[in-house]
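Data block below; observations after.
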There are 2 protein chains.
Amino acid sequence: MSDEARPYHLDDQVGYILRLVSQRHASLFLARFGQDLTPTQFAAMARLDEVGQCSQNELGRRTAMDVATIKGVVDRLRAKGLVEQTADPGDKRRSLLSLSAAGAGMIAALHQMGHAVTEDTLQPLNAQERQDLLALLRKMV
Amino acid sequence: MSDEARPYHLDDQVGYILRLVSQRHASLFLARFGQDLTPTQFAAMARLDEVGQCSQNELGRRTAMDVATIKGVVDRLRAKGLVEQTADPGDKRRSLLSLSAAGAGMIAALHQMGHAVTEDTLQPLNAQERQDLLALLRKMV
DNA sequence: CCATTTTCATTTGTATACGAATAATGGGGC
DNA sequence: GCCCCATTATTCGTATACAAATGAAAATGG
């Protein structure tokens with residue numbers, strides 16, 4: 001069948017379904033975290049905990065966020081007192097980010113809630129299906 | 001292992017991976033469509049073609065868009081001359097949306113490019129994997 | 001037929017998301 | 001030491017995305 005004649009069903013397109021699944025995940029995340037932390041703010045904190053002190057642009061690269069996006073995320077985390085900024089002694093362009101004491105103190109609880117959101121999101125799938133889904137998604141990054 | 005002690009790896013969380021996959025899809029969509037049409041604008045047009053004339057809120061529900069989101073999308077499609085709005089004779093609250101002649105004339109080409117974006121996105125997977133992925137994602141909506 | 005409830009559309013505010021442009025700084029080659 | 005290029009951070013503009021509130025109009029129930 002030629003491309004022109006093949007019927008197009010929005011509901012069958014992977015991009016559209018991905019948006020629906022992402023929406024459900026965001027909704028489940030909001031149900032656990034409330035207004036306290038958004039998924040991207042959570043990701044930035046989790047990554048900053050993993051890698052330790054790093055620059056804003058590097059944190060953005062490590063969390064797949066544009067320089068403009070990571071700036072806003074970091075600004076809001078600093079406003080909440082969860083992330084701190086210090087000058088880099090060896091490079092006047094950059095400032096070094098790290099978790100504040102308050103931010104670091106939340107990490108264990110955040111990890112626990114993060115696992116819970118993942119469990120909520122994957123709830124419709126059994127163990128084998130979860131493994132298969134993650135393997136397939138990883139091929140598409 | 002208790003929740004508290006289980007290690008947390010951002011890269012293993014389905015929500016984070018979903019964001020990466022969605023980003024790649026958006027990038028592939030942009031490569032095909034350029035600045036002409038965004039994924040959501042495309043979805044609104046494809047759905048409007050499927051269901052024919054309908055109200056703005058109904059189009060939003062059928063494309064999984066909030067009332068505030070669909071309003072912006074429709075406004076921009078109307079500004080481009082792809083969608084037209086007429087008053088509903090039987091209900092003064094709502095206005096009926098439909099594709100303009102220009103919008104309807106683009107549908108065949110849009111479908112073709114939509115299929116191409118889907119193909120680009122699924123390119124890393126073989127036929128069986130594509131089928132499995134869509135089946136798994138559909139369980140999670 | 002009137003009061004309660006729903007629905008439609010709009011608006012406001014906040015938070016991603018990214019392209020593009022800019023200024024300041026750093027590093028490499030020569 | 002100096003020029004070119006890369007990197008850092010910021011800013012602007014546009015486009016989702018959604019909660020919440022509003023006003024108008026329709027549907028519903030007694």
Side-chain angles (χ1 to χ4, degrees), chain A residues 15-16 18-31 33-45 54-80 83 85-97, chain B residues 15-16 18-31 33-45 54-80 83 85-97:
Chain A
Y16 184 69
L18 276 173
R19 189 159 73 83
L20 300 184
V21 174
S22 297
Q23 280 179 341
R24 175 165 165 276
H25 173 262
S27 167
L28 294 171
F29 189 100
L30 183 66
F33 283 83
Q35 325 283 7
D36 297 338
L37 223 52
T38 66
T40 50
Q41 289 166 13
F42 172 88
M45 284 189 67
C54 72
S55 78
Q56 183 175 282
N57 278 13
E58 184 182 350
L59 183 59
R61 284 191 297 271
R62 290 183 188 272
T63 49
M65 295 180 209
D66 187 76
V67 291
T69 301
I70 190 64
K71 185 200 187 314
V73 172
V74 167
D75 282 351
R76 285 180 282 275
L77 288 175
R78 290 211 294 145
K80 295 183 210 231
V83 164
Q85 196 180 38
T86 61
D88 185 329
D91 191 334
K92 291 180 187 171
R93 291 170 306 177
R94 73 174 97 178
S95 52
L96 296 175
L97 300 176
Chain B
Y16 184 69
L18 276 172
R19 190 160 71 84
L20 300 184
V21 174
S22 296
Q23 281 180 342
R24 174 165 167 275
H25 173 262
S27 167
L28 294 170
F29 189 100
L30 183 66
F33 283 83
Q35 325 284 2
D36 297 338
L37 224 51
T38 66
T40 50
Q41 289 166 12
F42 172 87
M45 284 189 68
C54 73
S55 79
Q56 184 175 283
N57 279 11
E58 184 182 350
L59 184 59
R61 284 191 297 271
R62 289 183 188 271
T63 49
M65 295 180 210
D66 185 78
V67 291
T69 301
I70 190 65
K71 184 200 187 311
V73 172
V74 167
D75 282 352
R76 286 180 281 275
L77 288 175
R78 290 210 295 146
K80 294 183 210 228
V83 164
Q85 195 180 39
T86 61
D88 184 330
D91 189 335
K92 291 181 188 171
R93 292 171 306 178
R94 73 175 96 176
S95 52
L96 296 174
L97 300 176

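Throughout, a chain's letter reflects where its sequence line sits, starting with A, and its residues are numbered from 1. These values consider heavy atoms only, across backbone and side chains, with no hydrogens, waters or symmetry-generated copies.
- Atom CD in Q56(B) sits roughly 11 Å away from atom P in dT11(C) (whole-Å rounding).
- Within the 4.0 Å cut-off from OP1 or OP2 of dA9(C), at least one side-chain nitrogen or oxygen of S55(B) is found.
- Rounded to a whole Å, the CG atom of L97(B) is 12 Å from the C1' atom of dC8(C).
- Put simply, NZ on K71(A) is 11 Å from P on dC12(D), counting in whole angstrom units.
- Checking the phosphate oxygens (OP1, OP2) of dT8(D), a side-chain nitrogen or oxygen of R61(A) falls inside 4.0 Å.
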Walk me through it: do T63(B) and T40(B) pass the test side-chain contact (heavy atoms from CB on, under 4.5 Å)?
-> CA-CA 8 Å; T63(B) 49; T40(B) 50; over 6 Å; no
With side-chain contact (heavy atoms from CB on, under 4.5 Å) as the test, would you mind laying out the steps for R94(B) and Q56(B) before giving the verdict?
-> CA-CA 8 Å; R94(B) 73 175 96 176; Q56(B) 184 175 283; over 6 Å; no
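- Enclosure of atom CZ in R62(A) is not indicated, since only 12 or fewer non-hydrogen atoms of other residues, nucleotides or ligands lie within 6.0 angstrom.
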Look for any protein N or O under 3.5 Å of an N or O in nucleotides 15-25 of chain D and output each such pair with its distance, or none.
from: dT16(D); atom 1: OP1; to: T38(B); atom 2: OG1; distance (Å): 2.6
from: dT16(D); atom 1: OP1; to: T40(B); atom 2: OG1; distance (Å): 2.1
from: dT16(D); atom 1: OP2; to: Q41(B); atom 2: NE2; distance (Å): 3.0
from: dT16(D); atom 1: OP2; to: R76(B); atom 2: NE; distance (Å): 2.8
from: dT16(D); atom 1: OP2; to: R76(B); atom 2: NH2; distance (Å): 3.1
from: dT16(D); atom 1: O5'; to: R76(B); atom 2: NH2; distance (Å): 3.4
from: dA17(D); atom 1: OP2; to: R19(A); atom 2: NH1; distance (Å): 3.1

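- One atom, CG of D88(A), and another, C1' of dG26(C), lie 11 Å apart when rounded to the nearest Å.
- Here the C1' atom of nucleotide dT16(C) and the CZ atom of F42(A) are 17 Å apart, to the nearest Å.
- Nearest heavy atom pair, residue L97(B) against residue Q85(B), reads CD2-CG, 3.8 Å.
- Note on N57(A): a side-chain N or O is less than 4.0 Å away from OP1 or OP2 of dA9(D).
- In this structure, R62(B) places its CZ atom 12 Å from P of dC8(C), rounding to the nearest Å.
- Closest approach of A44(A) and L77(A) over heavy atoms only: CB-CD1, 4.0 Å.
- Remark: P of dA9(D) and CZ of R78(A) are 11 Å apart, rounded to the nearest angstrom.
- Classification of the F29(A)-F33(A) ring pair by plane angle, with boundaries at 30° and 60°, yields parallel.
- Between Y16(B) atom OH and dT16(C) atom C1' the separation is 15 Å, expressed in whole Å.
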